[in-house]
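Single-structure report; data block below.
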Amino acid sequence: MVNPEQRSQGRKTVAEAKALTPRAADFSAWYNELVARAELADYSPVRGCMVIRPNGYAIWEQMQRALDQMFKDTGHQNAYFPLFIPQSFLAREAEHVEGFSPETAVVTHAGGKELEEPLVIRPTSETIIYSMYAKWIQSYRDLPVLINQWANVVRWELRTRLFLRTTEFLWQEGHTAHATEAEAEEETVRMLRVYRTFMEEWMAMPVLTGRKTDSERFAGALRTYSCEALMQDNRALQAGTSHNLGQNFARAFEVTFQTAAGGLDHVWNTSWGVSTRLVGALIMTHGDDAGLICPPRLAQYQVVIVPIYRNDDERGTVLDAAQRVRGELSGAGVRVHLDARDGMKPGAKYYEWEGRGAPLRLEIGPRDVAGGTVMLARRTGGKKESLPLAGLASRIHEIMEVMQRDLLETARARREAASIRGATREQFVAHLEAGGGFVYAGFCGSAACEAEIKEQTKATIRVLPDQEFRSPSVPATCMWCGKPTVAEAVWARAY
RNA sequence: CGGGGUGUGGCGCAGUCCGGUAGCGCGCCUGCUUUGGGAGCAGGAGGUCCCGGGUUCGAAUCCCGGCGCCCCGACCA
């Protein structure tokens, strides 16, 4: 017996059978299918954990490379602190322990015995790092301390999504110590700017920067700043944070130093981090219904060469030519891959590399070999074009630069189209109902008002925007309660 | 933890109502023919039907009890 569903399934075209769920139909299904299709990550046997597969890890490695250089350029060194933290350390800073206790994993047994003091698996490393800084810092001459670490952290999350929120994730956490509050603030803002630069110039992802309200502040920080991006489903994603920790941890861990004047003072700390969540941000910023679109600067392979041939003769000459092109591009600093798999039709390779987000594809067949040309296809669309072999590498570099810029501008235009400014309460609610996006409006500064808005609309204040993102004019009253505005705020429903 | 859904080859699903020993699409393997946008034909591999009990001559299917996962709510990079 064949029921109607089965028959219609049997009639599906190949394209239908293999297509991702379109973003417009179900954004979250699209995201999950894309991650699987592009082989970026897979679910692990442990709930909430993920395996980052080579294609996904390659993107993270590119991110790491770029960020690491930026950290070094701003005077930071890398170090490594241990995974295990004595449980009592977390408890030393009141707000911090309250913030993280519910989501820590704790080791109580090891070596076949119960431990005298349980060990927390780091959810973040402030406590272990500042306990060490207490040993290393004696004098103002030892300051500033500018250290970063690349590490894994564990937070026992209830609801997880690959890359966006997993129980264990990879990140970097910078931890600095300074002699004055002003210096710490300067560092906090400097690193926020580094993140913004990275997100715009490498990820081609536009972000708003600004300060978090107290309710969204990092547990234990004086002030938290963040970079906020808007995904294609018009939900906001916190992409990076930078905290001015003040002297909170310095007091808890007695990180003191002798001042030039001979006095004793606590240091001023900062911490800042971005995580593998950025891979999720990249997917949801640029991906389309065909799959991932990776900006050239972060792509594992910027150019993929697909050879086309009909018989062994052609195969020989075409592969020969393809290898020469690969050599030339590679020599010119282009990350290039020749897909020489036999027995797979060119079209199938096109779809596969499009799904994986490769920015550029070169097709080389007998006609191209004869004419001394290659056929170029861009992942971002448009007609294929025939390019002469002469000067190919520099042409490819130009095209990648244009593509990198266009991706950023397209994303920025999309974000702006989904943003409204100077909103009233009615416009705020209507905008969220209509699909969402960023809403700029007047805010009275009251935590109670903020909480009520969150409860009733699910929208949170993403940031109190930095100067350059503020609106030319801001309503004089809070869009929700009508009391006088103390700051402009940007709301959105968020991941 | 509350509400809803779901568990069947690697992936997506049908079969469950009405019990008879498992099927479809994609993927995978071998061979031949193919290759400028997801190849065709032929042959083949692969399943504790989530787990444990029960009912029955017989259970993917019915009953009881667990567990996992997904979605929606309270927390979060």
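For clarity, every value in this text was computed on a predicted model and none was experimentally measured. Numbers restart at 1 for each chain; the letters A, B, ... are given by sequence-line order, proteins then strands.
Nucleic acid contact for A:Thr166: base, since at least one base atom lies under 4.0 Å from a heavy atom of the residue. Looking at heavy-atom distances under 4.0 Å, A:Leu164 makes contact with a base.
Spacing between B:U61 and B:G53 at atom P, rounded to whole Å, works out to 14 Å. Remark: the separation of the P atoms in B:A45 and B:G5 is 40 Å, to the nearest Å. Going from the P atom of B:G46 to that of B:G3 covers 44 Å, rounded to whole Å. Comparing the C1' positions of B:U16 and B:A74 gives a spacing of 36 Å, expressed to the nearest Å. Going from the C1' atom of B:G68 to that of B:C29 covers 32 Å, rounded to whole Å. Here, B:A59 and B:C51 have their C1' atoms 15 Å apart, quoted to the whole Å. Nucleotides B:G52 and B:C67 have their P atoms positioned 15 Å apart, rounded to a whole Å. Comparing B:U56 with B:C71, their P atoms are spaced 41 Å from each other, to the whole Å.
To the nearest angstrom, C1' of B:C1 lies 16 Å from CD of A:Glu157. Distance A:Arg462 CZ to B:C76 C1': 10 Å, rounded to the nearest Å. Between the CD atom of A:Glu103 and the P atom of B:C75 there is a distance of 12 Å, rounded to whole Å. Regarding A:His96, its NE2 atom lies at a distance of 14 Å from the C1' atom of B:A77, rounded to whole Å. Straight-line distance from the CD atom of A:Gln172 to the C1' atom of B:A77: 11 Å, rounded to whole Å. In this structure, the CH2 atom of A:Trp150 is 18 Å from the P atom of B:A77, given to the nearest Å. Between the NZ atom of A:Lys349 and the C1' atom of B:A39 there is a distance of 13 Å, rounded to whole Å. The distance between atom CH2 of A:Trp60 and atom C1' of B:A77, rounded to the nearest whole Å, is 11 Å.
With A:Thr166 contributing its side chain and A:Leu162 its backbone, the two residues share no donor-acceptor pair below 3.5 Å.
Distances were taken from every side-chain heavy atom of A:Lys18 (C-beta onward) to each of B:A77, B:C76, B:C26; the shortest belongs to B:C26.
A salt bridge links A:Arg361 to A:Glu363: one of the charged nitrogens lies within less than 4.0 Å of a carboxylate oxygen. A salt bridge does not link A:Arg211 with A:Asp466: none of the charged nitrogens is closer than 4.0 Å to a carboxylate oxygen. Residues A:Arg65 and A:Glu61 are not paired through a salt bridge, judged by the lack of any N-O separation under 4.0 Å between the basic side chain and the carboxylate.
In terms of the side chain to side chain donor-acceptor pair (under 3.5 Å) criterion, residue partners of A:Lys212 (sequence neighbours excluded) are, by chain and number, A:Glu228, A:Gln238. Residues meeting the side chain to side chain donor-acceptor pair (under 3.5 Å) test with A:Tyr130, sequence neighbours left out: A:His175. A:Gln62 meets the side chain to side chain donor-acceptor pair (under 3.5 Å) test with no other residue; sequence neighbours excluded. For A:Asn148, the side chain to side chain donor-acceptor pair (under 3.5 Å) criterion is met by A:Asn78, A:Gln172, not counting sequence neighbours. Here A:Glu450 pairs with nothing under the salt bridge (Lys or Arg N to Asp or Glu O under 4.0 Å) rule; sequence neighbours left out.
Between A:Leu376 and A:Ile399, some side-chain heavy-atom pair lies under the 4.5 Å cut-off. The shortest side-chain heavy-atom distance between A:Trp202 and A:Leu67 does not fall under the 4.5 Å cut-off. Within the 4.5 Å cutoff, the side chain of A:Ile85 has no heavy atoms near those of the A:Leu119 side chain.
Position along RNA chain B of the nearest nucleotide to A:Arg155 versus A:Ala19 favours A:Ala19 as the more 5'-ward residue. Place A:Arg37 and A:Arg277 on RNA chain B by their nearest nucleotides, and A:Arg37 ends up nearer the 5' end.
The residue from A:Phe71, A:Tyr225, A:Phe218 that alone fulfils the ring pair (Phe, Tyr, Trp, His ring centres under 6.0 Å) condition with A:Trp272 is A:Phe71.
Contacts between residues 191-225 of chain A and RNA chain B, defined by a heavy-atom separation under 4.0 Å, are absent.
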Can you give me the N/O atom pairs linking the protein to nucleotides 67-74 of chain B at distances under 3.5 Å, or say none if there are none?
unit_1	atom_1	unit_2	atom_2	d
B:C72	OP2	A:Arg159	NH2	2.1

Could you list, one pair per line, each protein nitrogen or oxygen that sits under 3.5 Å from a nitrogen or oxygen of nucleotides 34-37 of chain B, together with the distance?
unit_1	atom_1	unit_2	atom_2	d
B:U35	O2'	A:Tyr309	O	2.8
B:G36	OP1	A:Lys345	NZ	3.1
B:G36	O6	A:Pro366	N	3.1
B:G36	O6	A:Arg367	N	2.6
B:G36	N1	A:Asp368	OD2	2.5
B:G36	N2	A:Asp368	OD2	2.9
B:G37	N7	A:Lys384	NZ	2.7
B:G37	O6	A:Arg361	NH2	2.7
B:G37	N1	A:Glu354	OE2	2.8
B:G37	N2	A:Glu354	OE1	2.7
B:G37	N2	A:Glu354	OE2	3.4

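Within the shown strands, B:G68 is the pairing partner of B:U6 under the Watson-Crick or G-U definition, both distances less than 3.5 Å. Within the shown strands, B:U30 is the pairing partner of B:A42 under the Watson-Crick or G-U definition, both distances less than 3.5 Å. Under the Watson-Crick or G-U wobble criterion, with both distances below 3.5 Å, B:G36 is left unpaired in every strand shown. Nucleotide B:U56 has no partner under the Watson-Crick or G-U criteria, as no pair reaches both atom distances under 3.5 Å. Nucleotide B:G47 has no partner under the Watson-Crick or G-U criteria, as no pair reaches both atom distances under 3.5 Å.
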Would you list the atom pairs, donor with acceptor, under 3.5 Å between side chains in residues 292-306 of chain A and any protein atom, with sequence neighbours excluded?
unit_1	atom_1	unit_2	atom_2	d
A:Arg297	NH1	A:Glu201	O	3.3
A:Gln302	OE1	A:Arg335	N	2.8
A:Gln302	NE2	A:Pro296	O	3.0

Scan the side chains in residues 317-328 of chain A for donor-acceptor partners under 3.5 Å anywhere in the protein, sequence neighbours excluded, and list what turns up.
unit_1	atom_1	unit_2	atom_2	d
A:Thr317	OG1	A:Glu314	O	3.1

message: Treating primed atoms plus P, OP1 and OP2 as sugar-phosphate and everything else as base, which nucleotides of nucleotides 43-50 of chain B get B, S or - for protein heavy atoms under 4.0 Å?
response: --------
- prompt: Reading nucleotides 5-10 of chain B 5' to 3', which nucleotides get B (base under 4.0 Å from a protein heavy atom), which S (sugar-phosphate only), which -?
  reply: ------
message: Checking A:His76 against A:Glu187 for the side chain to side chain donor-acceptor pair (under 3.5 Å) test, could you report, in this order, the C-alpha distance in whole Å, the side-chain angles of both residues, the deciding distance, and whether it holds?
response: CA-CA 11 Å; A:His76 303 84; A:Glu187 167 79 0; 2.7 Å; yes
message: Applying side-chain contact (heavy atoms from CB on, under 4.5 Å) to A:Ile461 and A:Val490, what does each step give before you reach the verdict?
response: CA-CA 6 Å; A:Ile461 294 179; A:Val490 181; over 6 Å; no
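For the pair A:Arg23 and A:Phe27, the cation does not sit on the ring face, since its NZ or CZ is not both under 6.0 Å from the ring centre and inside 45° of the axis.
Once rounded to the nearest 0.5 Å, the distance linking OG of A:Ser101 with CD of A:Gln87 reads 7.5 Å.
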